[in-house]
Protein chains: 2
Amino acid sequence: MKLTSKGRYAVMALVDLARFNNINPVSLRDISLRQGISLDYLEQIFSKLKKNEIVKSIRGTQGGYVLNKNPNDIKLTNIFHAVDEKVKTVQCKKESKRGCNGKATKCITHNLWDELEIHINTFFENKSLNDLLNNNKETRV
Amino acid sequence: MKLTSKGRYAVMALVDLARFNNINPVSLRDISLRQGISLDYLEQIFSKLKKNEIVKSIRGTQGGYVLNKNPNDIKLTNIFHAVDEKVKTVQCKKESKRGCNGKATKCITHNLWDELEIHINTFFENKSLNDLLNNNKETRV
DNA sequence: CTAAACTTGACCATTTTAGTCAGGTATGTA
DNA sequence: TACATACCTGACTAAAATGGTCAAGTTTAG
């Protein structure tokens, strides 16, 4: 069980973006340099963030990206959802007719995984981009 | 971010085992049939569970596996640890000298991933095999 | 009109996952 | 003692996911 780097990068990039958000659009090139993330990969990620209306793009010279919402209203759960980072514990949910493992009933640990998903998602829903900004200010050396 | 099936199977198999534990050793063959998990794969998993002293094996005809501890003392965290299912959010911890992404400092979201790991691990530490047994009894159809 | 920056989609090497396969070894029972 | 049952071990592998790169655009400020 691990987080993919797509999700990690998305959050890192958005925190970076949020820091400079008030002044100017931020170019992916800058984020790439500051955060050490490949430019091409960032483009894939921001394409998804834009589709999900988390950021807006401004084209042309001096263009870049800006947040499309208040940092307080951007929850981690929104970010992860945008880049297809989902908390998935059970496969069994797919086949709605049959239970898990092709049996007629739910697998004996089904409830557990449901609980776990809720537990993790709760964490993501309560954490906003703004929380991260503050947390980072406090603890930065 | 998802759970691997090795971890899921380990928990499923142990719940199955715990149900019949008081009477006789349970053969992997039976678990395989009841839970729809490949026998060969189960053997890999139980080899690890045994190394971690979660189960004991009894060889020969009528042999099988039994729990090595009270179901109350087997926490999910023990099971996952045994089968190498770990909650991993940050890569950055590996290179202790340098920070994340080869930079000198911690990445700006480092604290977040630490918090998340703790959040998830807490869940696993508080859940025992016994909890699962009871939970399953209540909700089974 | 040109350089900076966004946009899109195809492509790919590596790693992980989720097993299978092919051999064993130990032991209770007939 | 034979043999069936069940554990034991390690090598192997197909398929999927990951973590990107590459190429070829389009848009717009200056």
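So you know, we letter chains A, B, ... as the sequences are listed, proteins then strands, and number each from 1.
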Can you check nucleotides 11-15 of chain C for protein contacts, nitrogen or oxygen pairs under 3.5 Å, and list what you find?
none

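Side-chain atoms of A:Tyr9 lie closest to D:dG20 of the nucleotides C:dC6, D:dG19, D:dG20.
A donor N or O paired with an acceptor N or O is not found under 3.5 Å between the base of C:dC6 and the side-chain atoms of A:Glu43.
Across all their heavy atoms, B:Ser38 and B:Ser32 have their closest contact at C-OG, 4.2 Å.
Counted within 6.0 Å of CD on B:Glu43, heavy atoms from surrounding residues, nucleotides or ligands total more than 12; the atom is thus considered enclosed. More than 12 heavy-atom neighbours from other residues, nucleotides or ligands sit within 6.0 angstrom of CD on A:Glu115. Atom NZ of B:Lys69 has more than 12 heavy atoms from other residues, nucleotides or ligands within 6.0 Å.
Looking at residues 47-69 of chain B, you'll see B:Arg59, B:Gly60, B:Thr61 sit with a heavy atom under 4.0 Å from some atom of DNA chain C.
Atom-to-atom distance recorded for B:Leu14:CG and B:Leu133:CG is 10.0 Å, nearest 0.5 angstrom. Atoms CD1 and CZ, from A:Ile31 and A:Phe46 in turn, are 4.0 Å apart once rounded to the nearest 0.5 Å.
Of the candidates A:Ile120, A:Leu112, A:Ile118, B:Phe123 forms a side chain to side chain contact (heavy atoms under 4.5 Å, CB included) with just one, namely A:Leu112.
Residues passing the ring-ring contact (aromatic ring centres under 6.0 Å, His included) test with A:His81: none are found, sequence neighbours excluded.
Between B:Leu39 atom CG and D:dT9 atom P there is a gap of 15 Å when expressed in whole angstrom units.
The phosphate of C:dA18 has OP1 or OP2 within less than 4.0 Å of a side-chain N or O from B:Ser5.
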